[in-house]
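Here's the structure we're looking at; comments come further down.
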Amino acid sequence: MSGIAAENIRGILLDIEGTTTSISFVYDVLFPYARQHVREFLQNHAGNAPVREALARLREQHTADVAQGLSPPAVRADVDTVIVYVNWLMDRDSKAEPLKALQGMIWEEGYRRSEVHGHIYTDVPVAFERWHQEGKIIAIFSSGSVLAQKLLFGATTAGNLTPFITEYFDTTTGPKRQAESYRKIARSLSLAPEQIVFVSDVVEELDAAAAAEMNTLLCVRPGNHPQPPSQHALIHSFDEMA
């Protein structure tokens, strides 16, 4: 497994963007879909409890943004100002949890309507099947919400891959660039960090995982952002992890 002793690996922890899924899918399909449908979604579902909770947390996020001196657009009781603020957050590629929750609910409707299908690289389902047969745990750690992760893998262009995935983690576990987040994941999976390999396209995330004593692989896919030099082994496909 690219220099890692495969017999010692019991868990495969995967990033999504740039690792299992093209960055262009997230930025060219998912984000525009949420932006185009946020008004319709809020008009139709603003009374639902999960949506009300997300909106309340968005207002808390707005207060935090103001306190940080970020000058976000004003948010009042009307839907129009909420939409302006949501678009402002998306313009900044914000990882704010209430934004991710709202986007996830919008995407859920899109997947249910079959207007969205999750992109995955062709080597991913093959690798999932192989790791499953080897008895390895497959888990996901992404800045996207757990709901968004389940939706993507549940309706991919290759079908439903969720039966292969044991656990999903998002930034409610902790920041992806802090070692403690990876220690928490290892504990949740009942594995030692050194029994897990984390695969991501971002060196800073891999540095944090390595600091937690996980094995690491830098995934280099077409269209990924250039990364600084590092000591992490490189792969271009999950086939190289055989």
Side-chain angles (χ1 to χ4, degrees), residues 14-45 54 58 61 72-73 82-128 140-162 165 168-171 176-177 199-206 217-228 234-239:
L14 302 171
D15 176 43
I16 292 180
E17 294 177 32
T19 302
T20 66
T21 301
S22 70
I23 291 176
S24 63
F25 170 73
V26 177
Y27 283 91
D28 297 343
V29 177
L30 287 184
F31 286 171
Y33 186 90
R35 190 185 296 268
Q36 292 163 10
H37 291 82
V38 62
R39 178 180 298 277
E40 173 192 0
F41 181 82
L42 291 178
Q43 288 174 339
N44 292 338
H45 304 290
L58 271 172
Q61 180 67 44
V82 172
I83 292 170
V84 170
Y85 176 55
V86 167
N87 285 334
W88 180 83
L89 288 171
M90 288 194 283
D91 288 342
R92 297 171 60 85
D93 194 20
S94 171
K95 308 301 183 186
E97 291 173 15
L99 172 66
K100 297 297 182 183
L102 180 61
Q103 287 174 322
M105 288 184 280
I106 295 171
W107 293 331
E108 182 176 23
E109 196 161 270
Y111 283 109
R112 188 169 57 247
R113 294 174 175 175
S114 296
E115 294 174 352
V116 179
H117 292 90
H119 169 268
I120 55 163
Y121 293 105
T122 56
D123 54 281
V124 173
V126 177
F128 277 21
I140 306 298
F141 186 24
S142 173
S143 58
S145 68
V146 167
L147 172 60
Q149 297 174 33
K150 291 180 177 179
L151 291 171
L152 191 155
F153 287 106
T156 78
T157 49
N160 180 10
L161 299 183
T162 59
I165 302 172
Y168 304 83
F169 302 94
D170 58 20
T171 51
K176 294 187 71 180
R177 302 187 183 194
V199 188
S200 173
D201 64 313
V202 179
V203 163
E204 290 87 348
E205 296 175 1
L206 296 171
L217 292 171
L218 177 60
C219 192
V220 181
R221 301 278 196 180
N224 282 9
H225 301 305
Q227 295 295 300
L234 304 181
I235 60 168
H236 299 82
S237 164
F238 289 176
D239 294 340

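Throughout, numbering of the chain's residues begins at 1 and tracks the sequence. The shown structure was predicted, so the numbers you read here are calculated from the model rather than taken from an experiment.
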Original post:
After noting the C-alpha distance and the side-chain angles of Glu97 and Lys100, does the key distance pass the salt bridge (Lys or Arg N to Asp or Glu O under 4.0 Å) rule?
Top reply: CA-CA 5 Å; Glu97 291 173 15; Lys100 297 297 182 183; over 6 Å; no

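- Between Ser22 and Tyr121 there is a side-chain heavy-atom pair separated by less than 4.5 Å.
- The distance from the NE2 atom of His37 to the CD atom of Gln103 is 14.0 Å, given to the nearest 0.5 Å.
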**OP:** Test Glu17 against Tyr27 for side-chain contact (heavy atoms from CB on, under 4.5 Å), laying out the working first.
**Re:** CA-CA 10 Å; Glu17 294 177 32; Tyr27 283 91; 3.6 Å; yes

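- Each of Val202, Leu14, Thr19 was compared with Cys219 under the side-chain contact (heavy atoms from CB on, under 4.5 Å) criterion, and only Thr19 meets it.
- For the pair Arg35 and Met90, the minimum side-chain heavy-atom distance is below 4.5 Å.
- The closest donor-acceptor contact from the side chain of Asp123 to the backbone of Phe238 lies under 3.5 Å.
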Original post:
Going through the checks in order, is the side-chain contact (heavy atoms from CB on, under 4.5 Å) test met by Val26 and Phe31?
Top reply: CA-CA 6 Å; Val26 177; Phe31 286 171; 3.7 Å; yes

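- Without hydrogens or angle criteria, Glu115 side chain to Gly110 main chain gives no donor-acceptor distance under 3.5 Å.
- Heavy atoms only, all atoms of each residue included: Pro72 and Tyr85 are closest at CB-CE1, 3.8 Å.
- Rounding to the nearest 0.5 angstrom, the gap separating the CD atom in Gln227 from the CG atom in Leu206 is 8.0 Å.
- Distance alone, capped at 3.5 Å, places no donor-acceptor pair between the His45 side chain and the Phe41 backbone.
- Contact of the Gln149 side chain with the Ile16 side chain is registered, since non-hydrogen atoms from C-beta on lie closer than 4.5 Å.
- Atom CG of Leu151 sits about 11.0 Å away from atom CE of Met105, to the nearest 0.5 Å.
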Can you give the donor-acceptor pairs under 3.5 Å from side chains of residues 152-162 to other protein atoms, not counting sequence neighbours?
| unit_1 | atom_1 | unit_2 | atom_2 | d |
| --- | --- | --- | --- | --- |
| Thr156 | OG1 | Ala158 | N | 2.9 |
| Thr156 | OG1 | Gly159 | N | 3.1 |
| Thr156 | OG1 | Gly159 | O | 2.6 |
| Asn160 | OD1 | Thr162 | N | 3.0 |
| Asn160 | OD1 | Thr162 | OG1 | 2.6 |
| Asn160 | ND2 | Thr162 | OG1 | 3.4 |

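- A side-chain contact (heavy atoms from CB on, under 4.5 Å) with Val86 is found for exactly one of Asp91, Leu58, Ile106, namely Leu58.
- For the residue pair Ser143 and Lys95, the shortest heavy atom distance occurs at OG-NZ, 3.9 Å.
- For the atom pair CZ of Phe141 and OG of Ser200, the computed distance is 9.5 Å after rounding to the nearest 0.5 Å.
- Considering every non-hydrogen atom in both Gly144 and Asp170, the closest pair reads O-CB, 3.2 Å.
- Across every non-hydrogen atom of Ser142 and Lys176, the tightest pair is CA-NZ, 3.8 Å.
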**OP:** Could you go through the side-chain contact (heavy atoms from CB on, under 4.5 Å) check for Val116 and Tyr33 one step at a time?
**Re:** CA-CA 9 Å; Val116 179; Tyr33 186 90; 3.9 Å; yes

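- Minimum heavy-atom separation, Arg177 to Glu204: CD-CB, 3.7 Å.
- To the nearest 0.5 Å, atoms CD1 (Ile23) and CZ (Arg221) are separated by 11.0 Å.
- Here the closest heavy-atom approach between residue Gly18 and residue Asp201 is recorded as O-CB, 3.7 Å.
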Subject >> Trace of the side-chain contact (heavy atoms from CB on, under 4.5 Å) decision for Leu42 with Leu102 >> reply: CA-CA 9 Å; Leu42 291 178; Leu102 180 61; 4.0 Å; yes

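- Interatomic distance, CG of Leu217 versus CG of Asp15, reported as 12.5 Å (0.5 Å rounding).
- Listed for the Trp107 side chain is a donor-acceptor partner under 3.5 Å among the backbone atoms of Leu30.
- In this structure, the side chain of Asn224 does not engage the main chain of Val220 through any donor-acceptor pair within 3.5 Å.
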